[in-house]
Colleague: 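Let me give you the structure first, and then I'll get to my questions.
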Amino acid sequence: MHFIDEAKIYLKSGDGGNGCIAFRREANAPNGGPNGGNGGNGGDIILKAITDLNTLIDYRYSQHFRAQNGEQGKGSLRDGKYGNDIVLNIPIGTQIFLEDGVTMIADVMENSFERVLLKGGDGGFGNTHYKSSTNRAPRKSTPGWKGQDMWVWLKLKLISDVGLVGLPNAGKSTFLAATTRAKPKIADYPFTTLKPQLGVAYIDEKEFVISDIPGLIEGASEGHGLGHRFLKHVERCRVILHLVDGTDENFLKNYAVIRKELRAYSDVLADKEEVVVLNKIDSLTDEEIAKKVKSLQRKSNFKVIPMSGVTGAGTVDVLRKLLTVVEKYKEMQEPAEEIKEEVQLDEPEENN
């Protein structure tokens with residue numbers, strides 16, 4: 001399945017059906033009273049979070065969604081049928097913006113999220129509605145109320161416990177494959193990973209979700225390379241797992257490059273807790289490992305864990321450290337809520 005994290009779509013709720021003008025005309029009541037029914041309401045546009053979705057691919061080729069109009073009222077006091085709703089399934093982590101791409105109207109953070117984004121128009125009144133003691137045979141009805149329409153942007157930010165970052169070829173995909181059931185493409189050339197990969201890691205009878213973010217390069221926060229497209233996905237993670245290739249002579253500079261890009265992208269990323277790992281120790285001597293771990297600790301101000309994604313050495317230590325941090329933040333953070341200040345959409349104007 002292709003990974004699509006942005007889509008612009010057009011939404012329109014259904015129009016209400018018109019009210020009906022009708023009168024009873026049975027043989028025994030040639031001058032019967034009004035019996036025109038009301039129109040049916042138009043269908044709503046509903047957004048619903050689905051837990052097993054992690055892409056917006058469904059909205060790449062289908063971009064226009066129109067709910068069904070309500071049926072017109074009929075004689076014999078028969079109201080028109082309501083129009084069918086349209087339910088749009090979206091991944092958890094999706095943000096909905098107005099057409100300007102800036103004004104957020106919803107932030108989907110829970111699997112219980114379900115909201116009527118656009119309400120269908122109400123059905124119009126039939127002439128029975130206007131019957132009164134002074135007007136026994138009204139010839140008045142009203143048309144249905146119009147539905148609402150709008151263009152919106154859907155922008156997905158993956159929600160995971162751990163965001164896996166590092167320069168291309170730092171061994172991120174190898175680590176993900178070794179510690180989860182995810183099966184990312186692995187090869188010895190840059191940008192093997194072209195889309196975020198999700199995997200569930202199990203350690204000490206507990207689990208957490210890791211997302212492998214495609215390789216960042218210097219200048220990623222300014223749009224260079226592939227990483228700028230995916231930095232936003234790291235914002236939702238509880239902790240950053242930073243893999244550094246220990247076989248690269250410039251390993252300290254490489255660490256600094258990623259930190260610089262995270263800071264440049266947002267303060268949120270800059271302030272996230274980080275677990276630093278010196279990877280590919282299977283290609284280093286014990287003396288080289290000790291020396292590079294010490295240098296990287298001075299550079300990062302974090303305790304560095306030596307690891308080999310290929311042989312599995314150190315992976316348990318890394319997973320246990322990540323689990324400790326993830327559980328700490330789960331206890332600290334309150335359940336995710338929708339944004340407190342949201343744009344209120346105007347209700348359809350009533351017909352006069």
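Owing to the predicted nature of the structure, the values given are computational and were not obtained by experimental measurement. Because only heavy atoms are used, hydrogens play no part in the values below, and waters and symmetry mates are left out as well, while side chains stay in.
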Colleague: Which heavy-atom pair separates Ala178 from Gly309 by the least distance, and what is that distance?
Modeller: CB-O, 3.7 Å

Colleague: Before giving the answer on side-chain contact (heavy atoms from CB on, under 4.5 Å), spell out for Val108 and Leu47 the whole-Å C-alpha distance, their side-chain angles and the decisive distance to 0.1 Å.
Modeller: CA-CA 9 Å; Val108 182; Leu47 298 180; 5.9 Å; no

Colleague: Answer yes or no: is there a donor N or O on one side and an acceptor on the other, between the side chain of Asp107 and the main chain of Gln95, under 3.5 Å?
Modeller: no

Colleague: If you compare all heavy atoms of Asn127 against all heavy atoms of Pro34, which two are closest, and at what distance to 0.1 Å?
Modeller: ND2-CB, 3.3 Å

Colleague: State whether a side-chain donor-acceptor pair under 3.5 Å links Ser173 with Asp212.
Modeller: yes

Colleague: Compute whether any side-chain donor of one residue and acceptor of the other, for Asp245 and Asn279, lie under 3.5 angstrom apart.
Modeller: no

Colleague: Test your reading of the model: is there a side-chain donor-acceptor pair from Asn18 to the backbone of Gly144, 3.5 Å cut-off?
Modeller: yes

Colleague: Of all residues at least two apart in sequence or in a different chain, which pass the side-chain contact (heavy atoms from CB on, under 4.5 Å) check with Asp15?
Modeller: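 So Asp15 forms a side-chain contact (heavy atoms from CB on, under 4.5 Å) with Lys12, Asn69, Lys146.
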
Colleague: Just to verify, what does Tyr202 make a side-chain contact (heavy atoms from CB on, under 4.5 Å) with, not counting sequence neighbours?
Modeller: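 Expected list: Val200, Glu207.
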
Colleague: Output yes when a side-chain donor or acceptor of Glu288 lies under 3.5 Å from a complementary backbone atom of Thr285, and no otherwise.
Modeller: yes

Colleague: Where the side chain of Thr315 meets the backbone of Gly312, is there a donor-acceptor pair that is under 3.5 Å apart?
Modeller: yes

Colleague: Please walk me through it: do Asp85 and Ile45 pass side-chain contact (heavy atoms from CB on, under 4.5 Å)?
Modeller: CA-CA 6 Å; Asp85 300 331; Ile45 299 289; over 6 Å; no

Colleague: State the CZ-OH distance between Phe302 and Tyr255, to the nearest 0.5 angstrom.
Modeller: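 Separation between the atoms: 5.5 Å.
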
Colleague: Looking only at atom types and distance, does a side-chain atom of Ser76 sit under 3.5 Å from a main-chain N or O of Arg78, one as donor and one as acceptor?
Modeller: no

Colleague: Please walk me through it: do Phe251 and Leu167 pass side-chain contact (heavy atoms from CB on, under 4.5 Å)?
Modeller: CA-CA 10 Å; Phe251 69 100; Leu167 287 176; over 6 Å; no

Colleague: Applying side-chain contact (heavy atoms from CB on, under 4.5 Å), run through Met150 and Leu98 and close with a yes or a no.
Modeller: CA-CA 8 Å; Met150 65 190 306; Leu98 295 181; 3.3 Å; yes

Colleague: To the nearest 0.5 Å, what is the distance between CG on Asn254 and CD on Glu249?
Modeller: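 Rounded to the nearest 0.5 Å, the CG-CD separation comes to 11.0 Å.
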
Colleague: Is a donor on one side and an acceptor on the other found under 3.5 Å between the side chain of Gln297 and the backbone of Val304?
Modeller: yes

Colleague: Hey, does Phe65 have a side-chain heavy atom less than 4.5 Å from the side chain of Val87?
Modeller: no

Colleague: Do Phe208 and Leu323 have side chains that get closer than 4.5 Å, going by heavy atoms?
Modeller: yes

Colleague: Please tell me whether Val310 and Met307 are part of a single hydrophobic cluster in this structure, the criterion being side-chain heavy atoms less than 4.5 Å apart.
Modeller: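 Looking at the clustering, Met307 is in a separate group from Val310.
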
Colleague: Crowded around Asp267 CG? As in, over 12 foreign heavy atoms under 6.0 Å?
Modeller: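 No.
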
Colleague: Are Ile210 and Ile305 in one and the same hydrophobic cluster, where Ile, Leu, Val, Met, Phe, Trp and Tyr link if side-chain heavy atoms are under 4.5 Å apart?
Modeller: yes

Colleague: Minimum heavy-atom separation for Leu278 and Ile289, please, with both atom names.
Modeller: CD2-O, 4.2 Å

Colleague: Say whether Ser132 and Asn135, considering side chains only, have a donor N or O and an acceptor N or O under 3.5 Å apart.
Modeller: no

Colleague: How close do Glu110 and Ala49 get, heavy atom to heavy atom, and via which atoms?
Modeller: O-CB, 3.5 Å

Colleague: Would you say that Val268 contacts Lys272 through its side chain, given a criterion of any heavy-atom pair below 4.5 Å between the two side chains?
Modeller: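 The answer is yes; the side chains approach within 4.5 Å.
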
Colleague: How far does CG of Leu53 sit from NZ of Lys48, to the nearest 0.5 angstrom?
Modeller: 11.5 Å

Colleague: Indicate if Val275 and Val316 have the same hydrophobic cluster label, given that clusters are the connected sets of ILVMFWY residues with side-chain heavy-atom separations under 4.5 angstrom.
Modeller: yes

Colleague: How long is the straight-line distance from OG1 of Thr311 back to NZ of Lys280, given to the nearest 0.5 Å?
Modeller: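 Rounded to the nearest 0.5 Å, the NZ-OG1 separation comes out at 13.0 Å.
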
Colleague: Rounded to the nearest 0.5 Å, how far does CG of Leu322 lie from CD1 of Ile203?
Modeller: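 One finds 10.0 Å between CD1 of Ile203 and CG of Leu322.
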
Colleague: Taking the side chain as everything from C-beta on, heavy atoms only, tell me whether Asn89 gets closer than 4.5 Å to Asp58.
Modeller: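 SC-SC contact between Asn89 and Asp58 ruled out.
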
Colleague: Would you give the length of the straight line joining atom CD of Glu274 to atom CG of Asn301, rounded to the nearest 0.5 angstrom?
Modeller: 10.5 Å

Colleague: Is the backbone of Pro91 close enough, under 3.5 Å, to the side chain of Thr94 for a donor and an acceptor to pair up by distance?
Modeller: yes

Colleague: Taking the side chain as every heavy atom from C-beta outward, state whether Ile90 and Ile50 have any atom pair closer than 4.5 Å.
Modeller: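 In short, these two side chains do not touch, never coming nearer than 4.5 Å.
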
Colleague: If two hydrophobic side chains count as joined below 4.5 Å and joins carry through other members, does Phe23 share a cluster with Leu77?
Modeller: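 No, no single cluster joins them.
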
Colleague: Verify, without hydrogens or angle tests, whether Thr142 (side chain) and Phe125 (backbone) share a donor-acceptor contact under 3.5 angstrom.
Modeller: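 Present.
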
Colleague: Could you tell me how the ring of Tyr10 sits relative to the ring of His64: parallel (under 30°), tilted (30 to 60°) or perpendicular (over 60°)?
Modeller: tilted

Colleague: Could you check whether any side-chain heavy atom of Ile9 comes within less than 4.5 Å of a side-chain heavy atom of Trp151, counting everything from C-beta outward?
Modeller: no

Colleague: Contact between Val325 and Asp161 at the side-chain level, heavy atoms closer than 4.5 Å - yes or no?
Modeller: no

Colleague: Looking only at atom types and distance, does a side-chain atom of Ser13 sit under 3.5 Å from a main-chain N or O of Gln148, one as donor and one as acceptor?
Modeller: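 Indeed, once roles are kept as given, a pair shorter than 3.5 Å links the two residues.
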
Colleague: So Ile86 and Ile46, do their side chains get closer than 4.5 Å, heavy atoms only?
Modeller: no

Colleague: Name all pairs fulfilling the salt bridge (charged side-chain N to carboxylate O under 4.0 Å, His left out) condition that reach into residues 290-303, sequence neighbours left out, sorted by first residue then second.
Modeller: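 Of all non-adjacent pairs touching residues 290-303, none passes salt bridge (charged side-chain N to carboxylate O under 4.0 Å, His left out).
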
Colleague: Quick one: side-chain hydrogen bond (donor to acceptor under 3.5 Å, both in side chains) pairs with a partner in residues 35-44, sequence neighbours left out?
Modeller: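 As it turns out, the side-chain hydrogen bond (donor to acceptor under 3.5 Å, both in side chains) pairs with a partner in residues 35-44, which skip direct neighbours, are Asn41-Tyr82.
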
Colleague: Over all heavy atoms of both residues, which pair between Ala106 and Phe113 is shortest? Give the atoms and the distance, please.
Modeller: CB-CZ, 4.2 Å

Colleague: List the atom of Ser283, the atom of Thr247, and the distance in Å for their closest heavy-atom pair.
Modeller: CB-CG2, 3.7 Å

Colleague: Under the side-chain contact (heavy atoms from CB on, under 4.5 Å) test, which residues partner Ser211, sequence neighbours left out?
Modeller: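 Only Ser160, Leu198, Ile213, Cys237 meet the side-chain contact (heavy atoms from CB on, under 4.5 Å) criterion with Ser211.
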
Colleague: Got a salt bridge between Glu273 and Arg238, using NZ or NE/NH1/NH2 to carboxylate O under 4.0 Å?
Modeller: no

Colleague: Flag yes if Val244 and Leu241 sit in one hydrophobic cluster, no otherwise; membership is Ile, Leu, Val, Met, Phe, Trp, Tyr, and two members link when side-chain heavy atoms are under 4.5 Å apart.
Modeller: no

Colleague: If you count every heavy atom of other residues, nucleotides or ligands that lies below 6.0 Å from Lys81 atom NZ, does the total exceed 12?
Modeller: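 Incorrect, the count does not exceed 12.
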
Colleague: Applying salt bridge (charged side-chain N to carboxylate O under 4.0 Å, His left out), name anything that partners Arg66, two or more places apart in sequence or on another chain.
Modeller: none

Colleague: Can you check whether Lys206's main-chain N or O pairs, donor with acceptor, with Asp204's side chain at less than 3.5 Å?
Modeller: no

Colleague: Tell me, please, whether Phe97 has Lys155 positioned over its six-membered ring: NZ or CZ under 6.0 Å from the ring centre and within 45 degrees of its axis?
Modeller: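 Judged by the rule (NZ or CZ under 6.0 Å from the ring centre, within 45° of its axis), Lys155 counts as positioned above Phe97.
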
